[in-house]
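Taking it in order: structure first as C-alpha cells, then the write-up.
A note on names: the letters A, B, ... follow the listed sequences, proteins ahead of strands, and every chain is numbered from 1.
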Amino acid sequence: MERTKIADLRQHIGEKVKVQGFLQTLRDQKKMQFLILRDLSGLVQVAFWKANDPALAEKISATPTESVVSVTGTVVDNPIVKLGGLEIQLETYEVIGPAEAPIPLDPTAEALPSIDYRLDWRFLDMRRPPVTLLFKVQTTAEAAFREYWLKHDFIEIHSPKLMGSPSESGAELFEVQYFETKAYLAQSPQFYKQMAMAAGFERVFEIGPVFRADPSFTSRHMTEFTGIDMEISYIESHEDVMRFLENMLQYVYQRVKDAHDEEIKQHFGVDLRVPSVPFPRITMAQALEILKEVGYQIPPEKKGDIDPGGERALADYIKRTYDHDFFYLIDWPISVRPFYHMRHADQPHLTKSFDLIANGTEIVTGAQREHRYEILRQQAIEKGLSIQSIQFYLDFFRYGCPPHGGFGLGLSRLLMVMLNLPNIREAVFLFRGPNRLHP
RNA sequence: GGGGGCGUGGUGUAGUGGUUAACAUGCGGCCCUGUCAAGGCCGAGACCGCGGGUUCGAAUCCCGUCGCUCCCGCCA
C-alpha cells in the first residue's frame with residue numbers, strides 16, 4: 001500500500017490509507033487512544049478504540065513519543081477534531097523506528113533549549129516545523145536564483161576549493177595537508193569566476209562552500225558557509241551589477257512568498273515583503289553625513305569605514321525615509337577594499353564597489369573589477385601583495401578580458417534576514433564555527 | 001584577539017548569605033464518557049560547571065579555571 005502524505009488526507013475521506021511518520025503525542029485514555037502523527041507535510045490525529053484489540057492497544061501504549069510508526073486506517077471526516085476536522089480510524093499499527101525515552105531534545109516542547117544544546121542534537125531540533133520550513137524556503141530561494149540566472153544566459157561553474165597558494169590578502173585561510181605539500185581552502189571563488197570572464201563565459205554563477213579561518217564570535221559569522229557568487233561581463237560600472245542583483249532578489253523574494261507566505265507568517269511571524277526596485281543607494285560620503293545627522297558616533301579608528309552599529313543606524317534611517325529594508329552602500333574608499341576593485345576614474349580614492357545591507361545586516365559585497373592588467377598589477381603592489389603569488393591571476397588580464405563585475409552573497413545571511421532570525425546558526429543545516437566542528 | 005553576560009534535576013526557569021533548593025515541562029506508575037496545549041493523583045530525578053578563598057554558615061560574595069553566549073575587530 002502506498003504511503004499518503006498527511007497534507008493530502010482531505011482528498012481521501014472514506015478511503016483506507018497508510019501514513020508514516022513520527023508519533024508526536026499519545027493521548028492514552030481508558031477506552032480510547034489518540035495518536036498525533038507528524039510527517040513533513042503536517043499533523044493528523046489517529047483514533048483507536050482499545051476494545052477492538054486490547055493487545056494492539058498495549059503495543060500503542062508502549063510506544064515512546066517520536067518513534068517512527070506506520071499506520072493504516074480509514075480517513076473519516078469529523079468536524080469535532082480540532083486538528084483539520086478529520087482523523088484516521090486505526091486498523092493496523094507498526095513501530096518501524098522506535099525512539100528511546102526520554103528523548104534529549106523534545107521537538108514539540110514550547111520552551112526551546114539554548115542554541116548550543118540545539119546544535120548538539122540538531123537532527124532532533126530540525127524535526128521542528130519552523131526548521132523544516134526554513135530548508136524548504138532555502139530550496140525555493142536557490143531554485144529561484146537558478147531560474148533567474150538561466151533566464152539570463154548564465155553558465156554555472158564549480159571552482160576548486162583546494163588552492164595551492166594563499167590568494168587574496170587579508171582573509172585568513174585554512175591550511176590543509178596535501179600529500180607532500182600544503183593546500184588552502186578557498187575563501188572565495190573570486191579569482192576563478194574572473195577567470196571565467198577571461199575565458200569569455202560572459203556570465204557565470206556558482207553556489208558553493210566558502211571557508212574563512214576567522215575566529216569570529218558573532219551571531220552572523222561561520223567558518224564554512226554557502227556562497228552565492230556571480231560575475232558578469234561587458235558592464236559599464238558597478239551600477240550594472242547592482243541593478244541585476246536587486247531585480248534578482250526581488251524575483252527570489254516573490255518566489256518564496258508565492259510558495260511559503262502563510263507558513264512563514266505562521267512559523268516565523270514574518271509578513272514577507274517583496275522589495276521594490278531600485279533599492280536606495282547611499283554613497284559612503286552620504287552615509288557619513290547621515291550618521292552625523294542622526295547623531296551616530298563612528299569609532300574614531302574606523303577611518304572611512306562604517307561599523308555594524310553604523311550600518312544598523314543607516315538601515316533605520318533608510319527604513320524611516322524610504323520605507324525600504326534594503327540599501328546599497330556604494331563607493332567605498334580604496335583603503336578598505338581589495339586591490340581588484342576598480343576605482344572611479346575621476347575619484348581615484350574611491351572604488352566602484354557596493355555592499356548590500358538588508359535589515360541592518362551586510363549580506364552582499366560586490367564591485368566592478370579592474371580588468372586592465374597594468375593598473376591591476378599596480379594596485380596589487382600598492383596593497384603590498386606578492387605579485388609572484390598572484391601572477392596566475394594577473395595573467396587572466398593579459399590576453400584580452402572584458403570589463404566585468406559581480407558579487408558574493410551569503411545564503412544563510414539572506415535566510416536569516418528574510419525570516420528575521422536572531423542567529424545564523426539557525427539558518428544553516430549544520431553550523432561550523434571556531435568552536436564547533438560537530439556534529 | 002579585546003570586552004560584557006550567563007552556567008541550578010533531561011530541558012526551560014525561580015531562588016542574590018541560613019529553605020527538606022522551588023516551579024514548569026519531560027520521564028515512570030495509577031486513574032479518567034472522544035481526547036485535542038487533554039485532565040487528575042503519585043513517584044523518580046539537581047550535592048546549584050569545576051577548583052580555591054571569605055564567613056559560624058555560600059547556589060548566593062571574592063579569585064582562578066573551563067564551557068557557552070552576545071558585542072567589537074573581520075567579513076558573506
Side-chain angles (χ1 to χ4, degrees), chain A residues 24-36 43-50 61-62 64-66 76 78-87 89 99-121 124-125 168-172 187-190 207-229 298-299 301-302 305 307-312 336-338 355-358 361-366 407-417 422-425 427-428 433-436:
Chain A
Q24 175 161 313
T25 307
L26 171 63
R27 291 197 264 273
D28 204 347
Q29 300 191 104
K30 187 173 193 180
K31 294 183 178 171
M32 294 198 67
Q33 289 168 320
F34 298 96
L35 300 78
I36 307 301
L43 300 171
V44 68
Q45 171 167 297
V46 178
F48 184 61
W49 280 262
K50 287 177 155 183
S61 292
T65 53
E66 291 300 315
V76 297
N78 187 347
I80 292 169
V81 179
K82 293 182 179 174
L83 190 58
L86 59 76
E87 69 183 0
Q89 293 181 342
E100 293 178 28
I103 197 164
L105 188 156
D106 179 0
T108 65
E110 58 270 39
L112 224 47
S114 70
I115 185 69
D116 195 51
Y117 188 82
R118 288 169 56 199
L119 296 185
D120 286 340
W121 295 97
L124 296 175
D125 183 49
E168 303 175 49
S169 64
E172 303 258 357
Q187 90 281 33
S188 147
Q190 185 58 38
I207 299 180
V210 177
F211 303 91
R212 301 279 165 90
D214 294 313
S216 296
F217 299 94
T218 76
S219 55
R220 61 187 186 283
H221 286 86
M222 303 190 274
T223 48
E224 175 179 354
F225 63 91
T226 300
I228 296 189
D229 273 86
I298 294 174
E301 68 275 12
K302 307 273 306 183
D305 201 353
D307 63 317
E311 287 179 350
R312 288 190 286 270
V336 295
R337 288 306 212 194
D355 274 12
L356 176 63
I357 316 293
T361 300
E362 194 177 318
I363 65 167
V364 179
T365 294
F407 64 80
L409 177 155
L411 175 60
S412 299
R413 282 205 179 170
L414 176 66
L415 288 165
M416 181 170 68
V417 163
N423 196 308
I424 203 161
R425 281 161 242 197
V428 66
N435 296 328
R436 170 68 69 172

*Give a yes or no answer on whether the side chain of Thr218(A) reaches the backbone of Arg220(A) with a donor-acceptor pair at less than 3.5 Å.*
yes
*Does the Arg413(A) side chain pair with the main chain of Ile424(A), one donor and one acceptor, at a distance under 3.5 Å?*
no
*Looking only at N and O atoms, is any donor in the side chain of Ser216(A) or the base of C74(B) less than 3.5 Å from an acceptor on the other one?*
yes
*Residues two or more places apart in sequence or in another chain: which of them pass salt bridge (Lys or Arg N to Asp or Glu O under 4.0 Å) with Glu66(A)?*
Arg38(A), Arg127(A)
*asked:* What is the separation between atom CD1 on Ile36(A) and atom P on U35(B), rounded to the nearest whole Å?
replied: 13 Å
*With C1' as the reference atom in both, quote the distance from G10(B) to G57(B) in angstrom, rounded to an integer.*
32 Å
*Quick one: Glu100(A) CD to C27(B) P, roughly how many Å, whole number?*
14 Å
_Side chain of Met222(A) only, heavy atoms from C-beta on: which candidate in U69(B), C74(B), A76(B) is closest?_
A76(B)
*Could you check whether Gly408(A) gets within reach of a base, just the sugar-phosphate, or nothing at all, counting any heavy atom under 4.0 Å?*
sugar-phosphate
*Report the residues that fulfil side-chain hydrogen bond (donor to acceptor under 3.5 Å, both in side chains) with Asp106(A), sequence neighbours left out, ordered by chain and then residue number.*
Thr108(A)
*Calculate, to the nearest 0.5 Å, the distance between atoms CG and CD belonging to Leu35(A) and Gln24(A) respectively.*
11.5 Å
_So, does Asn435(A) get its side chain near the phosphate of C68(B), meaning an N or O under 4.0 Å from OP1 or OP2?_
yes
*asked:* Applying side-chain hydrogen bond (donor to acceptor under 3.5 Å, both in side chains), can you list everything that pairs with Arg425(A), at least two apart in sequence or on another chain?
replied: Asn423(A)
*For Gln33(A), which contact category applies under a 4.0 Å heavy-atom criterion: base, sugar-phosphate, or nothing?*
nothing
*asked:* Just to verify, what does Asp125(A) make a salt bridge (Lys or Arg N to Asp or Glu O under 4.0 Å) with, not counting sequence neighbours?
replied: Arg118(A), Arg122(A), Arg128(A)
*Nearest-angstrom distance, C1' atom, A21(B) to U60(B)*: 12 Å
*What is the nucleic acid contact for Val210(A), judged by heavy atoms within less than 4.0 Å: base, sugar-phosphate only, or nothing?*
nothing
*Below 4.0 Å: OP1/OP2 of C71(B) and any side-chain N or O of Arg312(A)*: no
*Can you sort out the partners of Val364(A) under side-chain contact (heavy atoms from CB on, under 4.5 Å), two or more places apart, ordered by chain and number?*
Leu245(A), Phe354(A), Leu356(A), Phe407(A), Leu409(A)
Might you list the N or O atoms of the protein lying below 3.5 Å from N or O atoms in nucleotides 4-13 of chain B, with each pair's distance?
unit_1	atom_1	unit_2	atom_2	d
G10(B)	O2'	Tyr117(A)	OH	3.4
G12(B)	OP1	Ser114(A)	N	3.1

_Going by the rule side-chain hydrogen bond (donor to acceptor under 3.5 Å, both in side chains), which residues pair with Glu362(A) if we only count those two or more places apart in sequence or in a different chain?_
none
_I'd like to know if Arg413(A) reaches the base of C75(B) with its side chain, counting only an N/O donor and acceptor under 3.5 Å._
yes
*Which dot-bracket string fits RNA chain B when only Watson-Crick or G-U wobble pairs with both atom distances under 3.5 Å count, crossing pairs get [ ], and | stands for a partner on a different strand?*
((((((((.[[[[.)..(...]]]].(((((.......))))).....[[[[[..)....]]]]])))))))....
*More 5' along RNA chain B: Arg337(A) or Val81(A), using each one's nearest nucleotide?*
Val81(A)
_Under 4.0 Å from OP1 or OP2 of C68(B): is there any side-chain N or O of Arg425(A) that close?_
no
*Would you say Lys30(A) reaches C32(B)'s phosphate, i.e. side-chain N/O to OP1/OP2 under 4.0 Å?*
yes
*To the nearest Å, give me how far apart CD (Glu224(A)) and P (C74(B)) are.*
23 Å
_Is there a side-chain contact between Gln29(A) and the phosphate of G34(B), meaning an N or O under 4.0 Å from OP1 or OP2?_
yes
*The side chain of Met32(A) lies closest to which of these nucleotides: C72(B), U69(B), G34(B)?*
G34(B)
Listing, residues 110-117 of chain A side-chain donor-acceptor contacts under 3.5 Å, not counting sequence neighbours, or none:
unit_1	atom_1	unit_2	atom_2	d
Ser114(A)	OG	Tyr117(A)	N	3.4
Asp116(A)	OD1	Arg436(A)	NH2	2.6
Tyr117(A)	OH	Pro104(A)	O	2.7

*For nucleotides G15(B) and C6(B), find the distance between their C1' atoms and express it as a whole number of Å.*
16 Å
*asked:* Measuring to OP1 and OP2 of C71(B), would you say a side-chain N or O of Ser219(A) lies under 4.0 angstrom away?
replied: yes
*C27(B) phosphate, OP1 or OP2, under 4.0 Å from Thr65(A) side-chain N/O*: yes
*Counting side-chain heavy atoms from CB outward, which of C27(B), A76(B), U35(B) is closest to Ala101(A)?*
C27(B)
*Look at Thr365(A) and A76(B) and indicate whether a side-chain polar atom (N or O) is within less than 4.0 Å of OP1 or OP2.*
yes
_Flag, side chain of Lys50(A) to backbone of Gln29(A), donor-acceptor distance under 3.5 Å_ = yes
_Nearest whole Å is fine: how far is U69(B) P from Arg118(A) CZ?_
12 Å
*asked:* Output the rounded distance in Å from NE2 (His221(A)) to C1' (A76(B)).
replied: 8 Å
*What interatomic distance, in whole Å, is found between P of G5(B) and the corresponding atom of C30(B)?*
50 Å
